[in-house]
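Encoded as structure tokens, the structure appears first; notes follow it.
Sequence lines set the chain letters: A, B, ... in the order given, protein chains first and strands last, and positions in each chain run from 1.
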Number of protein chains: 2
Amino acid sequence: MLKFDKNDYRREAERFKALGHPTRLWIVRQLADGQEHCVCEFVEAVGVKFATISQHLAILKAAGIIADDKRGKQVFYRLCCPCLLSVLRCVGQAQEG
Amino acid sequence: MLKFDKNDYRREAERFKALGHPTRLWIVRQLADGQEHCVCEFVEAVGVKFATISQHLAILKAAGIIADDKRGKQVFYRLCCPCLLSVLRCVGQAQEG
DNA sequence: TGTACATTTCGTAATATAACTAAATGTCTA
DNA sequence: TAGACATTTAGTTATATTACGAAATGTACA
């Protein structure tokens, strides 16, 4: 077994960590319809403060999972990695071990 | 857009969170060869204390990602969800957005 | 039975995360 | 240009995570 080098796994672990929060996972699933969605939609559906949603979106963006597009006063987010859909399906179905 | 209900996403988010640590992600990748591996192998390769590895393994097990099998004095772990392999591949390849 | 070994559990201290309020930024429109 | 609006950033506090050493558990074998 090869030696573990933390740096080789940091970035990838960051992606999983970003998905490892109920609110963020829900956001990603909402975006999985392929459409763009506005920050305000998330705020309303989740029921937390604007700042909190904004912070979650920033984490997903930093992880390279979503991308944003400013149009007028609003900001729209979309999924950037299409293969994430099958990931969500798999992890969602995983059985107890 | 439907209202968010945290409970619907808790369990699944827990799985992602379990993968969201460099050491745990590395462990899962080691198990991705389909073989069982002993706790002591991980301890040696990662270079942290036994208690720390044991804790990481417990988190992965609680998330339903790995399962264990005690044989004699040793404990062996294996992956329990084969579809995880494609998940790892996808998230590993995800591009910056 | 006693001791060594592999692993887990417990208690603790340092660090990271989550959600909030308040303040800052950027964009449209009067 | 001033004000309203959508969002982000900063600062703060409570809670969670991480890694550790020490103690506990369970198994094998002398």
Side-chain angles (χ1 to χ4, degrees), chain A residues 1 4-7 9-28 30-31 36-63 65-78 97, chain B residues 1 4-7 9-28 30-31 36-63 65-78 97:
Chain A
M1 191 176 282
F4 164 69
D5 181 351
K6 197 172 188 175
N7 289 316
Y9 291 87
R10 217 168 234 151
R11 181 80 185 123
E12 194 182 347
E14 187 195 357
R15 291 209 184 92
F16 281 111
K17 190 150 81 169
L19 295 169
H21 185 286
T23 300
R24 292 195 295 267
L25 189 53
W26 175 86
I27 289 172
V28 169
Q30 298 317 113
L31 294 175
E36 288 191 330
H37 290 278
C38 172
V39 182
C40 57
E41 293 182 68
F42 298 134
V43 173
E44 193 192 341
V46 175
V48 296
K49 299 291 160 176
F50 228 111
T52 302
I53 290 294
S54 183
Q55 214 168 260
H56 282 310
L57 290 167
I59 288 167
L60 287 168
K61 188 180 166 186
I65 292 169
I66 63 175
D68 63 343
D69 187 18
K70 285 162 224 248
R71 285 203 298 277
K73 283 190 280 192
Q74 300 184 105
V75 180
F76 294 86
Y77 281 88
R78 64 175 186 283
Chain B
M1 189 176 284
F4 164 69
D5 181 349
K6 197 173 189 175
N7 289 316
Y9 291 88
R10 216 166 234 153
R11 181 78 184 125
E12 195 182 347
E14 187 195 356
R15 291 210 183 90
F16 281 112
K17 189 149 81 170
L19 294 168
H21 185 286
T23 300
R24 291 195 294 266
L25 189 53
W26 176 86
I27 288 172
V28 170
Q30 298 317 113
L31 295 175
E36 289 192 329
H37 290 279
C38 173
V39 181
C40 58
E41 293 182 68
F42 299 136
V43 173
E44 194 192 339
V46 174
V48 297
K49 297 293 160 177
F50 229 110
T52 303
I53 290 294
S54 182
Q55 213 168 261
H56 282 309
L57 290 167
I59 289 167
L60 287 168
K61 188 179 166 186
I65 291 169
I66 62 175
D68 63 342
D69 188 17
K70 285 165 224 242
R71 286 204 297 278
K73 283 192 281 191
Q74 300 185 103
V75 180
F76 294 86
Y77 281 87
R78 63 176 187 281

From the list [options], which nucleotide is the closest neighbour of the side chain of [X]?
X	options	value
B:Phe50	C:dT8, D:dC20, C:dC20	C:dT8
B:Lys49	C:dT8, D:dG21, D:dT7	D:dG21
A:Val75	C:dC20, C:dT7, D:dT8	D:dT8
B:Tyr77	C:dT17, C:dT7, C:dT8	C:dT8
A:Cys38	C:dT7, D:dT7, D:dC20	D:dT7

Practice task
Answer with base, sugar-phosphate or nothing: what part of the nucleic acid does A:Phe76 contact at a heavy-atom distance below 4.0 Å?
Solution key: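 Counting heavy atoms under 4.0 Å across all strands, no contact is made by A:Phe76.
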Rounded off to whole Å, could you give me the [atom1]-to-[atom2] distance for the [X] and [N] pair?
X	N	atom1	atom2	answer
B:Ile53	D:dT17	CD1	C1'	15 Å
B:Arg10	D:dA16	CZ	P	11 Å
A:Leu60	C:dT17	CG	P	14 Å
B:Ile59	C:dT9	CD1	P	12 Å
B:Arg71	C:dT7	CZ	P	12 Å
B:Gln55	C:dT7	CD	C1'	13 Å
B:His37	C:dA6	NE2	C1'	18 Å
B:Glu36	C:dT7	CD	P	13 Å

Under 4.0 Å between a side-chain N/O of [X] and OP1 or OP2 of [N], yes or no?
X	N	answer
B:Lys17	D:dA16	no
B:Thr52	D:dT18	no
B:Ser54	C:dT8	yes

Practice task
Classify the ring geometry between B:His37 and B:Phe42 as parallel (under 30°), tilted (30 to 60°) or perpendicular (over 60°).
Solution key: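 Ring orientation of B:His37 relative to B:Phe42: tilted.
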Problem - Atom pair CD1/CD of B:Ile66 and B:Glu36 - distance to nearest 0.5 Å - result: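 The CD1 atom of B:Ile66 sits 11.5 Å away from the CD atom of B:Glu36.
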Problem - Residue whose closest nucleotide on DNA chain C lies nearer the 5' end, A:Lys73 versus A:His21 - result: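 Of the two residues, A:His21 wins.
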Exercise for the section: Tell me which of A:Lys70 and A:His56 sits closer to the 5' end of DNA chain C, going by the nucleotide each one is nearest to. Expected result: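 Result: A:His56.
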Problem - Passing candidate, side chain to side chain contact (heavy atoms under 4.5 Å, CB included) with B:Tyr77, options B:Leu57, B:Leu60, B:Asp69 - result: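 Single side chain to side chain contact (heavy atoms under 4.5 Å, CB included) partner of B:Tyr77 among B:Leu57, B:Leu60, B:Asp69: B:Leu57.
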Exercise for the section: Answer yes or no: is there a donor N or O on one side and an acceptor on the other, between the side chain of A:Arg24 and the main chain of A:Leu19, under 3.5 Å? Expected result: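 No: the side chain of A:Arg24 does not pair with the backbone of A:Leu19.
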Problem - Side chain B:Glu41, main chain B:Cys38, donor-acceptor under 3.5 Å - result: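 Judged by distance alone, yes, a pair lies under 3.5 Å.
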